[in-house]
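Let me begin by presenting the structure, written as structure tokens, before commenting on it.
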Amino acid sequence: MGNFLQKLFHTKGIHKKINLFLVNKVYADKEKNYKKKRKLLNAIGYDIGEGTRIVTPFYCSAELHIGKNCYVNKNFNVYGNGKVVIGDNCDIAPEVTFFTGGHYIGDPIRRAGKGRDYSIYVGNGTWIGGRSSIFGDISIGNSCVVALGSVVNKDVKDNCLVGGVPAKIIKELDQ
């Protein structure tokens, strides 16, 4: 009977929706609620490290791992079914978007061909500026800065400031 009810009401899906509602609406943007939000997000399968603060609204359809002592500002979005791993001590500015899914180029009848998933890795101590977009199978190194409004579609080595569309190295930073 329990399995039937679980299938009928999709309890895992309902649990996720309830927790996301609590994170995004009930506990939204209140300093004292960061621990509660982290606990609710961990309970539905996201891996959010100790001391990490997430400002809401927040949306994620991919596998997500965020390290310790990070700050993720409002309107953080992760689209697709891939994977995002963010290191420790990272700062994510408002309206940053990670795209972990895409398509191969299809035939002339439908150019969005077979779907594909991407993995995105962000190194420790990195700061991603507002309204930046990150996509593809890429790694952003440790201690990097991604300038405001950048589109990152290639790997970024450690200690670099990148910016632009597409993002290019602007300067190498002190170590």
Side-chain angles (χ1 to χ4, degrees), residues 16 20 23-24 29 37-38 41-42 44-49 51-175:
K16 185 172 185 175
L20 286 173
V23 165
N24 286 320
D29 298 333
K37 289 191 281 188
R38 191 170 52 249
L41 291 171
N42 282 329
I44 56 175
Y46 300 120
D47 177 22
I48 312 297
T52 290
R53 298 178 297 163
I54 295 179
V55 180
T56 50
F58 159 93
Y59 173 80
C60 180
S61 60
E63 181 181 338
L64 179 65
H65 306 271
I66 301 176
K68 298 177 202 163
N69 302 312
C70 294
Y71 187 84
V72 178
N73 217 314
K74 67 181 181 174
N75 294 317
F76 176 65
N77 293 293
V78 181
Y79 297 109
N81 296 317
K83 178 180 181 178
V84 172
V85 177
I86 298 171
D88 298 334
N89 305 308
C90 291
D91 291 283
I92 311 294
E95 300 182 21
V96 169
T97 303
F98 285 61
F99 294 93
T100 67
H103 296 269
Y104 293 97
I105 295 176
D107 61 34
I109 307 247
R110 188 172 195 152
R111 288 295 181 199
K114 182 181 176 192
R116 60 191 293 190
D117 295 333
Y118 301 119
S119 294
I120 299 170
Y121 297 91
V122 176
N124 297 326
T126 290
W127 172 23
I128 299 178
R131 291 201 173 168
S132 292
S133 296
I134 319 297
F135 72 97
D137 277 320
I138 65 160
S139 294
I140 298 172
N142 294 315
S143 303
C144 290
V145 177
V146 175
L148 176 87
S150 297
V151 176
V152 182
N153 63 351
K154 292 185 177 138
D155 288 346
V156 177
K157 62 183 184 174
D158 291 350
N159 300 298
C160 283
L161 166 62
V162 299
V165 179
K168 295 184 179 359
I169 294 175
I170 296 171
K171 83 184 238 184
E172 293 191 21
L173 303 171
D174 295 336
Q175 294 187 27

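Counting heavy atoms from C-beta on, the side chains of C160 and K171 never come closer than 4.5 Å. Residues N75 and P94 have side chains not in contact (no heavy-atom distance under 4.5 Å, counting atoms from C-beta outward). Under the 4.5 Å side-chain criterion, counting only non-hydrogen atoms from C-beta, V55 is in contact with Y71.
Taking SG of C70 as the reference point, atom CG of D91 lies at 7.5 Å (rounded to 0.5 Å). With rounding to the nearest 0.5 angstrom, the CZ atom of R131 is 13.5 Å from the OG atom of S150. Taking CD1 from I134 and CD1 from I92, the interatomic distance works out to 8.0 Å, rounded to the nearest 0.5 Å.
Checking each of I120, D137, D117, L64 against T100 for a side-chain contact (heavy atoms from CB on, under 4.5 Å) leaves exactly one that passes, namely I120.
Within a 6.0 Å sphere centred on CZ of R116, heavy atoms belonging to other residues, nucleotides or ligands number more than 12.
Side chain of N159 to main chain of L173: no donor-acceptor pair is present (N/O by atom type, distance under 3.5 Å, no hydrogens or angles). Here the side chain of N124 pairs a donor or acceptor atom with the backbone of D88 at under 3.5 angstrom.
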- Stepwise, does the side-chain contact (heavy atoms from CB on, under 4.5 Å) test hold for L20 with L41? CA-CA 7 Å; L20 286 173; L41 291 171; 3.9 Å; yes
- Task: Under the side-chain contact (heavy atoms from CB on, under 4.5 Å) rule, what do Y46 and K16 come out as? Steps first, then yes or no, please.
- Result: CA-CA 10 Å; Y46 300 120; K16 185 172 185 175; 3.4 Å; yes
- Query: Please walk me through it: do V151 and V165 pass side-chain contact (heavy atoms from CB on, under 4.5 Å)?
  - Reply: CA-CA 5 Å; V151 176; V165 179; 3.9 Å; yes
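Using cut-offs of 30° and 60° on the angle between ring planes, the pair F76 and F98 is perpendicular.
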